[in-house]
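Treat the numbers as computed from the prediction; the structure is a model and nothing was measured.
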Amino acid sequence: MSFDQLGLAPALLRALVDQGYTQPTEIQVQSIPVAMAGHDLLAGAQTAAFALPLLQRLYIEGQRPANTRRVRALVLTPTRELAAQVHESIRDYGKHLPVSATTIFGGVGMTPQIQTLRRGVDIIVATPGRLIDHLDRRGVDLSGVWLLVL
C-alpha cells in the first residue's frame with residue numbers, strides 16, 4: 001500500500017515526497033484511516049501516524065472556522081526534545097498547507113511563546129508543565145481544542 005491509497009490530500013502527499021517517504025509503515029496503514037475518520041485511537045507510533053490525519057482533518061475537510069486562529073489541536077509530549085521533534089514533523093508535513101503550529105516547553109523564556117500565542121495558532125505541541133504555566137497566566141485558551149494527542 002502507498003500513502004496515496006490512504007486518501008491523503010495532494011498537499012500532504014507532496015510533503016511526504018519532499019521528505020523522501022514512499023511507503024507507509026504498518027502502524028500508519030492501520031491508524032491513518034481510523035484517525036482521519038475521526039475515531040479515537042490508541043497506538044504507539046511515530047509522528048506521521050497521528051500528524052497526517054490531524055493535518056488532513058484540520059485543513060482539507062474544511063473544519064477551520066473562517067477568520068479564526070483558535071487552538072484546535074493540542075499535542076502533549078513528556079519532554080521538550082520530543083515536543084521539538086513533533087513540531088518539526090508537523091511543520092514539514094504541513095508545509096504545503098495553511099498550518100500554524102508552535103511549541104510550548106520549559107527551559108526557555110516565556111515571552112516569545114506568549115507573543116506567538118497572542119498572534120494565534122492552530123496547533124500547540126507542548127509539555128504539560130509549561131502548558132500549565134500558560135494556563136495559570138491565562139495566556140492560552142484551549143476551549144476550541146477538539147483534537148488531542150497524548
Side-chain angles (χ1 to χ4, degrees), residues 1-108 112-128 130-131 134 139-150:
M1 178 171 277
S2 64
F3 281 109
D4 60 336
Q5 292 173 303
L6 293 175
L8 294 170
L12 293 173
L13 295 172
R14 189 170 51 183
L16 289 168
V17 169
D18 292 348
Q19 296 298 312
Y21 297 120
T22 57
Q23 297 290 87
T25 64
E26 185 60 32
I27 188 70
Q28 292 166 346
V29 168
Q30 293 178 21
S31 64
I32 288 173
V34 173
M36 283 180 16
H39 299 289
D40 290 342
L41 177 66
L42 177 62
Q46 293 180 334
T47 309
F50 68 82
L52 293 171
L54 179 150
L55 291 165
Q56 176 92 9
R57 293 202 62 226
L58 284 178
Y59 298 101
I60 305 307
E61 294 179 4
Q63 296 187 28
R64 181 177 192 184
N67 299 322
T68 66
R69 293 302 261 182
R70 293 180 69 183
V71 178
R72 293 178 299 128
L74 174 63
V75 181
L76 287 176
T77 66
T79 66
R80 64 182 177 183
E81 292 82 7
L82 185 56
Q85 289 174 6
V86 168
H87 178 253
E88 182 179 342
S89 293
I90 288 173
R91 187 184 64 228
D92 290 344
Y93 298 142
K95 72 181 183 178
H96 300 295
L97 299 171
V99 64
S100 175
T102 192
T103 52
I104 303 294
F105 54 78
V108 298
Q113 294 174 358
I114 291 168
Q115 292 169 344
T116 299
L117 292 170
R118 284 185 182 151
R119 284 191 300 271
V121 295
D122 300 301
I123 304 166
I124 292 177
V125 181
T127 57
R130 182 52 67 96
L131 180 61
H134 283 283
V140 65
D141 176 11
L142 299 180
S143 64
V145 171
W146 57 269
L147 205 150
L148 173 66
V149 177
L150 301 173

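Across all non-hydrogen atoms, the minimal contact from Gly120 to Ser100 is O-OG, 3.5 Å. In plain terms, the two heavy atoms of Tyr93 and Ala51 that are nearest each other are CD1-CB, 3.8 Å. Closest heavy-atom contact between Val34 and Asp40: CG1-O, 4.1 Å. Scanning both residues, Leu55 and Gly94, for their nearest heavy atoms gives CD1-N, 3.6 Å. Nearest heavy atoms, Val125 versus Ala83: CG1-O, 3.5 Å. Gly44 and Ile27 make their closest contact through O-CG1, 4.0 Å (heavy atoms, listed as atom of the first residue, atom of the second, distance).
Gln23 contributes no side-chain N or O that, together with a main-chain N or O of Phe3, makes up a donor-acceptor pair within less than 3.5 Å. In this structure, Gln28 contributes its side chain and Thr25 its backbone to a donor-acceptor pair below 3.5 Å.
Tested against Asp122, the residues Arg91, Arg57, Arg72 include a single salt bridge (Lys or Arg N to Asp or Glu O under 4.0 Å) partner, Arg72.
Between Thr79 atom OG1 and Leu82 atom CG the span is 4.5 Å, to the nearest 0.5 Å. Here the CG atom belonging to Leu142 is positioned 6.0 Å from the CD1 atom belonging to Ile124, to the nearest 0.5 angstrom. Put simply, CG on Leu58 and CG on Leu97 are 9.5 Å apart, with the number rounded to the nearest 0.5 Å. The CE atom of Met36 lies 10.5 Å from the OG atom of Ser31; values are rounded to the nearest 0.5 Å. Interatomic distance, Leu8 CG to Leu16 CG, rounded to the nearest 0.5 Å: 6.5 Å. In this structure, the separation between CD1 on Ile32 and CE on Met1 is 10.0 Å, given to the nearest 0.5 Å.
Side-chain contact between Leu6 and Leu52: absent, with no pair of heavy atoms (C-beta onward) separated by less than 4.5 Å. For the pair Thr102 and Gln113, the minimum side-chain heavy-atom distance is 4.5 Å or more.
Under the 3.5 Å distance criterion, with hydrogens and angles disregarded, a donor-acceptor pair is assigned to the side chains of Arg70 and Ser143.
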- Give the C-alpha distance, both sets of side-chain angles, the deciding distance and a yes or no for side chain to side chain contact (heavy atoms under 4.5 Å, CB included) between Val145 and Leu147. CA-CA 6 Å; Val145 171; Leu147 205 150; 5.6 Å; no
- Query: Given Leu74 and Leu131, is the side chain to side chain contact (heavy atoms under 4.5 Å, CB included) satisfied, shown in steps?
  - Reply: CA-CA 10 Å; Leu74 174 63; Leu131 180 61; 3.9 Å; yes
- Thr127 vs Thr103, side chain to side chain contact (heavy atoms under 4.5 Å, CB included): CA-CA, chis, key distance, verdict: CA-CA 8 Å; Thr127 57; Thr103 52; over 6 Å; no
- Task: May I have the step-by-step check of side chain to side chain contact (heavy atoms under 4.5 Å, CB included) for Thr77 and Gln85, ending in yes or no?
- Result: CA-CA 10 Å; Thr77 66; Gln85 289 174 6; over 6 Å; no
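Enclosure of atom CD in Glu81 by more than 12 non-hydrogen atoms of other residues, nucleotides or ligands within 6.0 angstrom is indicated.
Partners of Arg130 by salt bridge (charged side-chain N to carboxylate O under 4.0 Å, His left out), not counting sequence neighbours, listed by chain and number: Asp133.
Note on residues 3-18: pairs passing side chain to side chain donor-acceptor pair (under 3.5 Å), not counting sequence neighbours, are Ser2-Asp4, Ser2-Gln5, Arg14-His96, Asp18-Lys95, Asp18-His96.
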